[in-house]
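Okay, structure first, notes after.
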Amino acid sequence: MASSSSFPAPGSRSKKPLGKMADWLRQALSKKPKERPVSQGSPRSDAPSQDGPPAPGLSSATSAAVPPDASSSSSSSISSGGRWSRDYDVCVCHSEEDVAAAQELVAYLEGSAGGLRCFLPLRDAAPGGALVSELCRALDRSHCRVLLITPGFLRDPWCRYQMLQALSQAPGAEGRTIPLLAGLARAAYPAELRFMYFVDGRGPERGFRQVKEAVQRYLQTLR
């Protein structure tokens, strides 16, 4: 008869497997789930892709960018080398009755964006110079000329000479001679100027803005 010590005690086979299973279950529950590593090569889903369209916030910021100022772009476009070939951008021709109006026009042109260089006879003519010589010199040194046509201008023979001299120095140059009609009906417009349009002084800002824009347009054609 075999010795009782060669046989395992009753229940010993079941205890060992059950103990191992309990240990495995305990370890499985105690372990934290592993985080999935994020690959450096693949961007996160919430980050905007560089190859795709920009995020809405970026596109709206780009579209809301302030465009360049119109006046600054205009002043830069008239600053060509041809502009500096003459001393003045515009010569203002007027009667003695309209000195105050001419001064207001010059102040507007010089004070606007781009700062047009104006010749005003009573201010810029050489002291002691002959009237005709100074007029011809001013017209020759100016790109454009503004004729301030008023009732006083039509009554003054000297203003008529200024007008004819301005036309003779630039007979076919479009945009160089700019008539500004003030205080007159269209029927009183001088016959010598009927082949060119005039600026109506009854318009906004008494036509000063249109005169400025006409001078700037001509300066933009210079090279």
Side-chain angles (χ1 to χ4, degrees), residues 78 80 82-110 112 114 116-203 205-223:
I78 66 177
S80 60
R83 179 188 182 188
W84 311 111
S85 62
R86 298 178 186 265
D87 297 328
Y88 299 98
D89 298 321
V90 57
C91 174
V92 178
C93 301
H94 62 89
S95 70
E96 291 187 4
E97 299 179 20
D98 303 313
V99 172
Q103 290 175 335
E104 292 178 11
L105 173 61
V106 168
Y108 180 90
L109 297 178
E110 292 179 338
S112 59
L116 297 178
R117 302 167 301 159
C118 299
F119 182 91
L120 189 62
L122 291 180
R123 182 190 68 180
D124 301 312
L131 292 178
V132 175
S133 300
E134 288 300 309
L135 172 65
C136 294
R137 187 178 297 111
L139 293 174
D140 186 60
R141 296 164 61 189
S142 302
H143 288 293
C144 300
R145 57 288 315 264
V146 173
L147 305 178
L148 184 55
I149 302 175
T150 63
F153 188 95
L154 298 182
R155 288 192 297 263
D156 192 343
W158 170 242
C159 291
R160 178 176 175 81
Y161 178 83
Q162 293 183 68
M163 177 181 64
L164 295 178
Q165 188 65 30
L167 293 176
S168 66
Q169 288 200 9
E174 293 187 6
R176 291 194 64 185
T177 301
I178 306 167
L180 174 58
L181 196 65
L184 289 171
R186 184 185 297 269
Y189 190 55
E192 295 85 352
L193 303 176
R194 291 294 172 89
F195 63 93
M196 62 177 64
Y197 289 105
F198 62 86
V199 176
D200 192 346
R202 297 171 299 179
E205 300 177 271
R206 293 184 291 173
F208 289 2
R209 180 175 57 84
Q210 287 181 275
V211 170
K212 178 195 70 174
E213 292 174 349
V215 175
Q216 289 178 338
R217 276 195 301 270
Y218 178 80
L219 295 178
Q220 290 173 2
T221 65
L222 302 178
R223 295 291 182 267

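Sequence positions, counted from 1, serve as the residue numbers for this chain.
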Sub-4.5 Å side-chain heavy-atom contact between V90 and R145: no

Name of the residue among R83, H143, K212 meeting side chain to side chain donor-acceptor pair (under 3.5 Å) with D89: R83

Under the salt bridge (charged side-chain N to carboxylate O under 4.0 Å, His left out) test, residues paired with D140 that sit two or more places apart: none

Atom pair SG/CZ of C144 and R217 - distance to nearest 0.5 Å: 10.5 Å

Non-hydrogen atoms of L154 and A188 that approach each other most closely: CD1-O, 3.6 Å

Side-chain heavy-atom pair T177, L167 within 4.5 angstrom cut-off: yes

Salt-bridge present (R117, D87; N to O < 4.0 Å): no

I149 side chain reached by L193 side chain, heavy atoms, under 4.5 Å: yes

Nearest heavy atoms of C118 and D124, plus distance in Å: O-OD2, 3.4 Å

Minimum heavy-atom distance between A182 and P151, given as atom pair plus value: O-CD, 3.7 Å

Residue list, side chain to side chain donor-acceptor pair (under 3.5 Å) with T150, at least two apart or on another chain: D98

Working for side chain to side chain contact (heavy atoms under 4.5 Å, CB included), residues W158 and L135: CA-CA 11 Å; W158 170 242; L135 172 65; 3.8 Å; yes

Within 6.0 angstrom of R186 CZ, more than 12 heavy atoms from elsewhere: no

4.5 Å side-chain heavy-atom contact, C136 and Q165: yes

Under 3.5 Å, sequence neighbours excluded: what are the donor-acceptor pairs made by side chains of residues 99-109?
residue: E104; atom: OE1; partner: R206; partner atom: NH1; Å: 2.8
residue: E104; atom: OE1; partner: R206; partner atom: NH2; Å: 2.5
residue: Y108; atom: OH; partner: E205; partner atom: OE2; Å: 3.2

Flag side-chain contact, heavy atom, 4.5 Å: E174 against M196: no

Test item: C159 and H94 side chains (from C-beta on) under 4.5 Å apart, heavy atoms: no

Interatomic spacing from CG in L222 to CD in Q220 - rounded to 0.5 Å: 9.5 Å

Which atom of P190 lies closest to which atom of M163, heavy atoms considered: CB-SD, 4.1 Å

Side-chain (S85) to main-chain (G82) donor-acceptor, under 3.5 angstrom: yes

Min side-chain heavy-atom separation Y161-V132 under 4.5 Å: yes

Lys/Arg N to Asp/Glu carboxylate O, R123 vs E110, below 4.0 Å: yes

Close side-chain approach of C93 to L147, heavy-atom, < 4.5 Å: yes

Parallel, tilted or perpendicular: rings of F119 and Y88 (30°, 60°): perpendicular

Gap between atom CG of L181 and atom CZ of F153 - 0.5 Å precision: 10.5 Å

Enclosure of Y197 OH (heavy-atom neighbours >12, cutoff 6.0 Å): no

R176 side chain vs Y218 backbone, donor-acceptor pair below 3.5 Å: no

